[in-house]
Amino acid sequence: MAHTTRPDTAHTDDTRARRSARRRLRREVPGTIAVLADERDFAAMRRYTSFGFDDHPGYLRHVDALLRTLAAQGTYTSVALFDPADYAAYCADLSLDPDSAASRTRYTAEVAAAGTTVAYDGRPVTRLLPGLIDAAEQQATWEYATGLLTGDGCERCGDDTGRRAFARASLILRRIVEALGPGGHHLVCSVPADGDAPLVALLQADCGTDGRLRLDEPSALVFCTVLAAGIATDRPGGIVARTTALGRPPTVRGWTLRAGWPRPLDEAEVFSAYCTDPATGEPIPPEHGVAYEAGIELPEHDAGEAGDE
């Protein structure tokens, strides 16, 4: 007996097949969710009636739920920061209605997603945000310092000057790590900026007893760029290093940037520099068990090395 398929059954099967294909395709479309990181940014968005959230903790819970749902569907999702001031300027530039979900979606896709993002890995968004904020601040610092090096903030700093300053900054970083020797070194470079807060770059460098150096290359790039900006613009920056090595207490040393080269601080100056917040200028309580020592003299040249600059 021949088997026949009813027309309505065939239509249903075809519809299910198309939906299944779309679901499979949707899993291969990445997405970005832009998050309001703090209460201040959240409050700024509440002026828009279409925003529709009443409190920041509740908003973050909804973001978490959405991220978990997308992950369960097999969708790769990244998390970005939503900047209300930047969003308002974006809408003004493009004559968009800022009180619109469509405008927020467009901003997320065209601006937030093109900036600093982190991949969603199952952690609550409150645990993702600190790393995302740090990465965004590092990117902003690098962009500002790069602007100084390429002439945006310094009329006399052309490409050649910027390249020489960066090469010198890389040499300085190498000299400092060599002088500090084996151990873990947390380096902070601070250079005055045009606003109230200085440019600050952080770098963790680990040096083995065999002299092998391990460091995060993106952080090293930002560190050298900030230092190079100070060199190129002749700004009075500073470097502080906190070293942790086997068999001795954590040790802090420091240098001040003068005439394009770090000059050692004495012990009292190191204490003062390390116990002051570089962003606010406010005092920071000294750490228990930390030794404060004078900076180490750094040679500008080795024999036959005059061409390093």
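Quick caveat, the model's predicted, so the values are computed rather than measured. Computed from heavy atoms alone, side chains included, the values below leave out hydrogens, waters and symmetry copies.
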J.: So, Asp54 and Tyr59: side-chain donor and acceptor under 3.5 Å apart, yes or no?
T.: no

J.: Which heavy atom of Ala205 sits nearest a heavy atom of Val177, and at what distance?
T.: CB-CG2, 4.4 Å

J.: Check this for me, if you would: do Glu300 and Arg168 make a salt bridge, where the nitrogen-to-carboxylate-oxygen distance has to be below 4.0 angstrom?
T.: yes

J.: Examine distances only and state if a side-chain atom of His56 and a backbone atom of Asp41 form a donor-acceptor pair shorter than 3.5 Å.
T.: no

J.: Which heavy atom of Pro182 sits nearest a heavy atom of Ala245, and at what distance?
T.: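 In terms of heavy atoms, the two residues are closest at O-CB, 3.8 Å.
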
J.: Report whether Ile133 and Val222 are members of the same hydrophobic cluster (ILVMFWY, side-chain heavy atoms less than 4.5 Å apart, transitive linking).
T.: no

J.: Determine whether Leu132 and Leu129 make a side-chain contact, defined as any pair of heavy atoms from C-beta on separated by less than 4.5 Å.
T.: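 Heavy-atom side-chain distance check passes, below 4.5 Å.
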
J.: Tell me, with the steps shown, if Leu298 and Ile176 meet side-chain contact (heavy atoms from CB on, under 4.5 Å).
T.: CA-CA 7 Å; Leu298 305 174; Ile176 289 177; 3.5 Å; yes

J.: What about Tyr292 and Ile284, same hydrophobic cluster or not, with Ile/Leu/Val/Met/Phe/Trp/Tyr joined at side-chain heavy-atom distances under 4.5 Å?
T.: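 They do not share one cluster, since no chain of ILVMFWY contacts under 4.5 Å joins Tyr292 to Ile284.
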
J.: Calculate, to the nearest 0.5 Å, the distance between atoms CD and OG1 belonging to Glu143 and Thr225 respectively.
T.: 11.5 Å

J.: Backbone N or O of Arg104 within a donor-acceptor pair of the Thr108 side chain at under 3.5 Å?
T.: yes

J.: Rounded to the nearest 0.5 Å, what's the gap from NE2 on His186 to CG on Asp206? Could you check?
T.: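 These two atoms lie 11.5 Å from each other.
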
J.: Drop me the distance from Thr117's OG1 to Leu81's CG, to the nearest 0.5 angstrom.
T.: 10.0 Å

J.: For a 4.5 angstrom cut-off between non-hydrogen side-chain atoms, does Leu227 reach Leu173?
T.: no

J.: So, do Arg175 and Pro299 sit near enough that their side-chain heavy atoms are less than 4.5 Å apart?
T.: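 Result yes, sub-4.5 Å side-chain heavy-atom pair found.
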
J.: Looking at every non-hydrogen atom in both residues, tell me the closest pair between Ala201 and Phe223 and how far apart they are.
T.: CB-CA, 3.6 Å

J.: When you measure from the side chain of Arg47 to the backbone N and O of Ala44, does any donor-acceptor pair fall under 3.5 Å?
T.: yes

J.: Begin from the C-alpha positions of Val35 and Ile33 and carry the test side-chain contact (heavy atoms from CB on, under 4.5 Å) through to its verdict.
T.: CA-CA 6 Å; Val35 181; Ile33 294 178; 4.1 Å; yes

J.: Quick check for you: to the nearest 0.5 Å, what is the distance between Cys189 atom SG and Leu257 atom CG?
T.: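 Cys189 atom SG to Leu257 atom CG measures 7.5 Å (nearest 0.5 Å).
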
J.: Indicate the atoms forming the closest heavy-atom contact of Ala169 with Ala228, along with that distance.
T.: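 For Ala169 and Ala228, the tightest heavy-atom pair comes out as CB-N, 3.7 Å.
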
J.: Side chains of Tyr120 and Arg68: do they bring a donor and an acceptor to under 3.5 Å?
T.: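 Not at all, the side chains of Tyr120 and Arg68 share no donor-acceptor pair under 3.5 Å.
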
J.: Counting C-beta onward and ignoring hydrogens, is there a side-chain heavy-atom pair between Asp99 and Thr49 closer than 4.5 Å?
T.: yes

J.: Can you find a heavy atom in the side chain of Ile239 that is under 4.5 Å from one in the side chain of Val188?
T.: no

J.: What I'd like to find out is whether the side chain of Thr256 reaches to under 4.5 Å of the side chain of Glu269, using heavy atoms alone.
T.: no

J.: Can you tell me how the ring of Phe82 sits relative to the ring of Tyr87, calling it parallel under 30°, perpendicular over 60° and tilted otherwise?
T.: tilted

J.: Restricting to non-hydrogen atoms, name the atom on Ala119 and the atom on Leu128 that form the minimum distance, rounded to 0.1 Å.
T.: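 Ala119 and Leu128 have their closest heavy atoms at O-CD2, 4.2 Å.
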
J.: Just by distance, do the side chain of Ser272 and the backbone of Ala268 share a donor-acceptor pair under 3.5 Å?
T.: no

J.: Side chains of Arg46 and Phe53, heavy atoms from C-beta outward: is any pair under 4.5 Å?
T.: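 The answer is no, as the side chains (C-beta and beyond) never meet within the 4.5 Å cut-off.
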
J.: Does a donor on one side chain and an acceptor on the other come within less than 3.5 Å for Arg242 and Tyr274?
T.: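 Tyr274 and Arg242 do have a side-chain donor-acceptor pair below 3.5 Å.
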
J.: Decide whether Val118 and Trp142 are clustered together by the hydrophobic rule: side chain heavy atoms of Ile, Leu, Val, Met, Phe, Trp, Tyr closer than 4.5 Å, transitively.
T.: no

J.: For a side-chain contact (heavy atoms from CB on, under 4.5 Å) check, start with the C-alpha distance between Arg106 and Leu94, then their side-chain angles and the critical distance, and finish with the verdict.
T.: CA-CA 11 Å; Arg106 183 171 172 181; Leu94 297 181; 3.8 Å; yes

J.: Could you state the interatomic distance from CZ (Arg61) to CG (Leu66), rounded to the nearest 0.5 Å?
T.: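 Rounded to the nearest 0.5 Å, the CZ-CG separation comes out at 15.0 Å.
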
J.: Could you check whether any side-chain heavy atom of Ser103 comes within less than 4.5 Å of a side-chain heavy atom of Cys91, counting everything from C-beta outward?
T.: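 They are in contact (side-chain heavy atoms under 4.5 Å apart), so the answer is yes.
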
J.: Any chance the side chains of Thr32 and Ser78 put a donor and an acceptor closer than 3.5 Å?
T.: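 Present: a donor and an acceptor within the cut-off.
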
J.: Do other residues, nucleotides or ligands put more than 12 heavy atoms under 6.0 Å from the CZ atom of Arg123?
T.: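 Yes, because the 6.0 Å sphere around CZ of Arg123 holds more than 12 heavy atoms from other groups.
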
J.: Report the C-alpha distance between Leu148 and Leu199 in whole Å, list the side-chain angles of each, state the deciding distance to 0.1 Å, and finish with yes or no for side-chain contact (heavy atoms from CB on, under 4.5 Å).
T.: CA-CA 11 Å; Leu148 291 177; Leu199 290 174; 4.1 Å; yes

J.: To the nearest 0.5 Å, what is the distance between OG1 (Thr233) and CZ (Arg235)?
T.: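 Separation between the atoms: 4.0 Å.
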
J.: If hydrophobic clusters are built by linking Ile, Leu, Val, Met, Phe, Trp and Tyr wherever their side-chain heavy atoms come under 4.5 Å apart, do Val240 and Val226 end up in the same one?
T.: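 No, because Val240 and Val226 fall into different hydrophobic clusters, even though each may have its own neighbours under 4.5 Å.
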
J.: Does Phe271 belong to the same Ile/Leu/Val/Met/Phe/Trp/Tyr cluster as Ile296, with side-chain heavy atoms less than 4.5 Å apart forming each link?
T.: no

J.: Minimum heavy-atom separation for Ser50 to Ala101, with atom names?
T.: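 Smallest heavy-atom distance, with atoms named: OG-N, 4.2 Å.
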
J.: Would Glu293 and Arg248 count as a salt bridge (charged side-chain N to carboxylate O under 4.0 Å, His left out) if you check the C-alpha gap in whole Å, the side-chain angles of each, and the deciding distance to 0.1 Å?
T.: CA-CA 13 Å; Glu293 297 184 3; Arg248 61 171 302 170; 3.1 Å; yes

J.: Are side-chain N/O atoms of Gln138 and Ser219 paired as donor and acceptor at under 3.5 Å?
T.: yes

